[in-house]
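Reviewing the structure listed below.
Given the structure is predicted, the values throughout are model-derived calculations rather than measurements. Atom set for the values below is all heavy atoms of this structure, side chains included, hydrogens, waters and symmetry mates excluded.
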Amino acid sequence: MKKNQGKLLAEIEAYFHKCYRDTPELLKQNHFTELDGEHGQINERHYRLLPITNWFDETAKFVGCQAVVEVTRMREMKNKSSHETSYYITSLASDVEGIARYIRKHWTIENSQHWALDVTFNLVPRHKSYDRLID
C-alpha cells in the first residue's frame, strides 16, 4: 500500500493500531516470522494478517480483497539498524506464511528489475579495480 492510497493506508494503520490495543490475540493467531542473515547482516520480518471487516470504507474499491497485511522489517548490520513497516491488501483470506512468500517474491522481482535498469543506464557505482580491468 503506497501513500497514493492515503485514505486506505490510514485506515489500515488505524485498524492494526486498534487490534494491537484491543485484540492482540488475533494478531498472534495470524502471525509469521522470518529470520535470515548473510553478508554480516541479520534480517527479521514479521507478517501479520487481519480480515477485512465492515470497519473499512476504502477497501470497497478493491473487489475481492479479503485481508490486510502488515509487514515489519528489521535489519541489523555492524553498527547500523533499520526498521520499516509496510501494508498490503490481498484476496487471500488466510495462510499468512503463503502470503509472506508472495510478498518476498514480489520484492525479489522488483529489486532485480531495478538492478537491471541501474546497470543498463550505468547508475551502479563501479569499483576502481573493475575500471582497471576494462582499461
Side-chain angles (χ1 to χ4, degrees):
M1 187 57 44
K2 295 184 180 181
K3 292 182 181 178
N4 64 350
Q5 294 290 333
K7 288 181 182 179
L8 178 56
L9 178 59
E11 276 187 351
I12 294 171
E13 289 173 330
Y15 189 55
F16 272 96
H17 178 78
K18 176 186 176 309
C19 289
Y20 279 111
R21 184 190 66 214
D22 299 342
T23 54
E25 64 281 353
L26 182 61
L27 291 164
K28 288 179 185 175
Q29 292 168 5
N30 296 298
H31 177 256
F32 174 68
T33 300
E34 289 180 320
L35 183 64
D36 60 54
E38 60 185 4
H39 308 294
Q41 70 183 20
I42 299 170
N43 300 302
E44 185 175 344
R45 289 172 292 279
H46 295 270
Y47 301 84
R48 293 174 180 88
L49 176 79
L50 292 172
I52 290 178
T53 67
N54 59 3
W55 193 87
F56 289 96
D57 291 329
E58 294 294 312
T59 56
K61 298 176 188 175
F62 299 90
V63 177
C65 286
Q66 300 290 316
V68 291
V69 182
E70 177 186 72
V71 181
T72 305
R73 297 175 185 88
M74 292 159 282
R75 176 177 290 161
E76 295 286 334
M77 293 180 276
K78 293 178 184 173
N79 297 325
K80 190 177 173 184
S81 64
S82 65
H83 179 272
E84 123 184 300
T85 302
S86 301
Y87 298 95
Y88 300 84
I89 56 175
T90 180
S91 60
L92 302 174
S94 61
D95 187 21
V96 69
E97 190 172 345
I99 291 168
R101 282 193 304 273
Y102 285 123
I103 291 171
R104 292 283 306 214
K105 284 180 185 178
H106 165 80
W107 283 109
T108 299
I109 293 166
E110 181 88 11
N111 290 337
S112 68
Q113 293 300 314
H114 283 285
W115 184 86
L117 288 171
D118 290 347
V119 169
T120 301
F121 292 106
N122 200 21
L123 300 174
V124 176
R126 295 189 331 204
H127 192 272
K128 290 179 183 181
S129 62
Y130 178 75
D131 288 337
R132 278 187 249 134
L133 292 173
I134 293 176
D135 293 340

Quiz prompt | Side-chain heavy atoms of D95 within contact of E97, under 4.5 Å | solution = yes

Quiz prompt | Atom pair OG1 (T72) and NE2 (H31), whose distance is rounded to the nearest 0.5 Å | solution = 8.0 Å

Practice problem: Please check if I42 and F32 belong to a single hydrophobic cluster, counting links between Ile, Leu, Val, Met, Phe, Trp and Tyr side chain heavy atoms closer than 4.5 Å. | Solution: no

Quiz item: Measuring from L27:CG to Y20:OH, what's the distance to the nearest 0.5 Å?
Solution: 5.5 Å

Quiz item: Any link between L49 and L92 through a network of hydrophobic side chains (Ile, Leu, Val, Met, Phe, Trp, Tyr) touching at under 4.5 Å?
Solution: yes

Self-check item: Atom pair CE (M74) and CD (E76), whose distance is rounded to the nearest 0.5 Å
Solution: 9.0 Å

Practice problem: Examine distances only and state if a side-chain atom of E58 and a backbone atom of E11 form a donor-acceptor pair shorter than 3.5 Å. | Solution: no

Quiz prompt | Value rounded to 0.5 Å, distance of CZ in R45 from OG in S86 | solution = 11.5 Å

Quiz item: Which of parallel (below 30°), tilted (30 to 60°) and perpendicular (above 60°) describes F56 and Y15?
Solution: perpendicular

Quiz prompt | Nearest-0.5 Å distance that lies between atom OH in Y87 and atom CZ in F16 | solution = 7.0 Å

Quiz item: Within a reach of under 6.0 Å around NE2 of H83, are more than 12 heavy atoms found that belong to other residues, nucleotides or ligands?
Solution: yes

Practice problem: To the nearest 0.5 Å, tell me how far I12 CD1 sits from L8 CG. | Solution: 4.0 Å

